[in-house]
Amino acid sequence: MNKRWFLIFAAGALGAAATLPLFARGWTPQTNVEIVVGSAPGGSNDKTARAIEKIVTGKKLIPGTLTVVNRPGGGGNLQLSYMTQHAGDPHFLMVTTPTLLSAQITGNSPLGTADFTLIASMVNDYVVYVVNAESTITSGKDLVERLKKNPRSVSMGFSTGIGTHNHIAAALLMKRIGGDPKALKVVAFKGAADAITTLMGGHIDMVTTAAGNVAPHVASGKLRALAVAAPQRLAGDMAAVPTWKEQGVDLVWGNWRAIMGPKGLTPAQVTSWEAVLRKVVESPEWKQDLALNYWSDDFNTGAQFKKDLADDEAAMRLVLVELGLAK
């Protein structure tokens, strides 16, 4: 072939390749893809999965279909067990949270990150500390003074159980102010809605939860947000809520949500899903979901994602050991 025409042909081929959909450049899903959620429809994990499904499907980021499958029960173990049944199959993804780490540390699950394929961290849902609007605790500093004086004077509610990330959020606060996390008076609820209803009824003093769960109640004046454990203030109705750092407490803690696959996925399959999810987080629709739910962008893959998980596991283990919950 004439060199000039060869160069023109090669340039054209490269240009055409650049316009191909992501899934056409590497591994391609061959059947329907399931994104598995370990909780019932309507919760934060479910919202994350459905936001991804909507964008992937709407923008045709994969050639076939992607459906959300809810596998609630067993503290998340039914979801994990289901995923282990599909080892090596890249047509199964799951939404994971810090519960994957804490459950293994506390002995509530034999499975951990080593039993799955890491793909990408998606969002962080920073924990907010809220009280009833009629509470005499009017600020984070008030809460700190109360806890230092008598930790048992403040009943703290959270979901979904002892040793979970919302419990750790309360324990970390106590630890950061020099107190004993085991001295806290804590009440675990099956769901955030139950905890919030009990708080509004005046039966507990405080709740640690995601901002999206309480923002409407804060806006309506029924609840007061004392602090958010975020590196900077949130937006929207939560913009007036100061961070813990602003109030002299070095505390950043959230409920991240990530995507993992079954154990045994190939590098090509992981790379393909990373590329698809990167397109998801770059979309304006995803940015709208972040704002709507008060989520913070936390997209990471590869070595950084692995390091973040290791850092969180170490921090959680330290607290859970102090709480006497680590096995």
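It should be emphasised that the depicted structure is a prediction, and the values quoted were computed from it without experimental measurement. In this chain, residues are counted from 1 in sequence order.
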Is there a chain of hydrophobic side chains (I, L, V, M, F, W, Y, each step under 4.5 Å between heavy atoms) that links Ile137 to Val130?
no

Residues in side chain to side chain donor-acceptor pair (under 3.5 Å) with Asn213, at least two apart?
Thr209

After noting the C-alpha distance and the side-chain angles of Thr113 and Met260, does the key distance pass the side-chain contact (heavy atoms from CB on, under 4.5 Å) rule?
CA-CA 9 Å; Thr113 56; Met260 297 184 189; 4.2 Å; yes

Verify the neighbour count for atom CD of Glu285: are there more than 12 heavy atoms of other residues, nucleotides or ligands below 6.0 Å?
yes

Are the side chains of Leu173 and Leu143 in touch, meaning some heavy atoms are under 4.5 Å apart?
yes

Going from CZ on Arg71 to OG on Ser81, what distance comes out if it is rounded to the nearest 0.5 angstrom?
9.5 Å

What verdict does the side chain to side chain donor-acceptor pair (under 3.5 Å) test give for Thr65 and Asn32, after you've listed the backbone C-alpha separation in whole Å, the side-chain angles of each residue and the deciding distance to 0.1 Å?
CA-CA 5 Å; Thr65 56; Asn32 175 62; 2.5 Å; yes

Distance-only, no hydrogens or angles: does the Gln30 side chain make a donor-acceptor pair with backbone N or O of Thr28 under 3.5 Å?
yes

Whether Arg224 and Glu134 form a salt bridge (side-chain N of Lys/Arg under 4.0 Å from carboxylate O of Asp/Glu) is what I want to check.
no

Just by modelled atom types, is the Phe299 backbone N or O under 3.5 Å from a matching donor or acceptor in the Asp297 side chain?
yes

Whether the side chain of Asn77 engages the backbone of Asn108 through a donor-acceptor N/O pair (distance < 3.5 Å, no angle test) should be reported.
yes

Check for me, please, whether Phe305 and Ile259 land in the same ILVMFWY cluster - side-chain distances under 4.5 Å, paths through other members count.
no

Student check: side-chain heavy atoms of Val37 and Arg50 closer than 4.5 Å:
no

Identified side-chain contact (heavy atoms from CB on, under 4.5 Å) partner of Leu118 from the options Leu309, Thr96, Val270:
Leu309

Taking NZ, NE, NH1 and NH2 as the nitrogens, is one of them in Glu282 or Arg278 under 4.0 Å from a carboxylate oxygen of the other?
no

Any sub-3.5 Å donor-acceptor pair from Tyr129's side-chain atoms to Ala229's backbone N or O?
no

Phe92 and Tyr82 aromatic ring geometry - parallel, tilted or perpendicular at 30°/60° bounds
perpendicular

Distance-only, no hydrogens or angles: does the Ser121 side chain make a donor-acceptor pair with backbone N or O of Asn300 under 3.5 Å?
no

Pro262 and Thr117: which non-hydrogen atoms are nearest, and at how many Å?
O-OG1, 2.5 Å

Nearest heavy-atom contact between Ser159 and Asn166 is O-ND2, 2.9 Å

Taking the side chain as everything from C-beta on, heavy atoms only, tell me whether Met122 gets closer than 4.5 Å to Leu277.
yes

Does some side-chain heavy atom of Met156 sit less than 4.5 Å from a side-chain heavy atom of Thr208?
no

Using 0.5 Å steps for rounding, measure from the OG atom of Ser39 to the CG atom of Leu78.
12.0 Å

Find out if a path of hydrophobic residues (ILVMFWY) with successive side-chain heavy-atom gaps under 4.5 Å connects Met316 to Leu111.
yes

Is there a donor in the side chain of Asp308 and an acceptor in the side chain of Trp256, or the other way round, less than 3.5 Å apart?
no

Is the Trp273-His91 ring centre distance short of 6.0 angstrom?
no

State yes or no: do Tyr294 and Phe158 share one hydrophobic cluster built from I, L, V, M, F, W and Y residues joined by side-chain heavy-atom distances below 4.5 Å, directly or via other members?
no

Looking only at heavy atoms, what is the nearest atom pair of Gly221 and Ala133, with distance?
O-CB, 3.0 Å

Taking the side chain as every heavy atom from C-beta outward, state whether Leu61 and Val280 have any pair of such atoms under 4.5 Å apart.
yes

Can you confirm whether Lys307 is buried at NZ, in the sense that more than 12 heavy atoms of other residues, nucleotides or ligands lie under 6.0 Å from that atom?
no

Kindly say whether the aromatic ring centers of Tyr126 and Trp295 come within a distance under 6.0 Å.
no

Working to the nearest 0.5 angstrom, can you tell me the gap between Gln269 CD and Ile119 CD1?
9.5 Å

Quick one: OG1 on Thr136 to CZ on Arg146, what's the gap to the nearest 0.5 Å?
4.0 Å

Name the atoms and distances for all side-chain donor-acceptor pairs under 3.5 Å in residues 184-198, with sequence neighbours left out.
residue, atom, partner, partner atom, Å
Thr197, OG1, Ala193, O, 2.9
Thr198, OG1, Asp194, O, 2.8

Whether the side chain of Thr48 engages the backbone of Ser44 through a donor-acceptor N/O pair (distance < 3.5 Å, no angle test) should be reported.
yes

Begin from the C-alpha positions of Ile35 and Leu66 and carry the test side-chain contact (heavy atoms from CB on, under 4.5 Å) through to its verdict.
CA-CA 7 Å; Ile35 181 165; Leu66 185 152; 3.5 Å; yes

Val131 versus Met206, closest heavy-atom pair with distance
CG1-CG, 3.9 Å

Please report the interatomic distance CG(Leu292) to NZ(Lys47), rounded to the nearest 0.5 Å.
7.5 Å

Side-chain (Glu246) to main-chain (Arg233) donor-acceptor, under 3.5 angstrom:
no

Could you measure the distance from the NE2 atom of His203 to the CG atom of Asn132? Nearest 0.5 Å is fine.
10.0 Å

Minimum side-chain heavy-atom gap Ile105-Val321 below 4.5 Å
no

Close side-chain approach of Val36 and Val95, heavy atoms under 4.5 Å:
no

Would you say Val319 and Trp244 are hydrophobically clustered, going by side-chain heavy atoms of ILVMFWY under 4.5 Å?
yes

Give a yes or no answer on whether the side chain of Thr57 reaches the backbone of Glu53 with a donor-acceptor pair at less than 3.5 Å.
yes

Apply side-chain contact (heavy atoms from CB on, under 4.5 Å) to the pair Lys279 and Val56, showing each step before the final yes or no.
CA-CA 9 Å; Lys279 285 294 184 182; Val56 169; over 6 Å; no

On a heavy-atom basis, which atom in Asp125 and which in Ala210 lie closest, and how many Å separate them?
OD2-CB, 3.4 Å

Taking every non-hydrogen atom, the tightest pair across Gly261 and Phe116:
O-CB, 3.3 Å

Sequence-distant partners of Thr97, side-chain contact (heavy atoms from CB on, under 4.5 Å), two or more places apart
Asn45, Thr99, Asn255, Arg257

Verdict with supporting geometry, Met83 and Leu93, side-chain contact (heavy atoms from CB on, under 4.5 Å):
CA-CA 8 Å; Met83 291 294 291; Leu93 305 174; 5.5 Å; no

So, Lys149 side chain and Val144 main chain: donor-acceptor pair closer than 3.5 Å or not?
no

Using only atom types and a distance under 3.5 Å, with no angle test, would you say the side chain of Asn124 pairs donor to acceptor with the backbone of Ser296?
no

Within the 4.5 Å heavy-atom criterion, are Leu320 and Ser102 side-chain neighbours or not?
yes

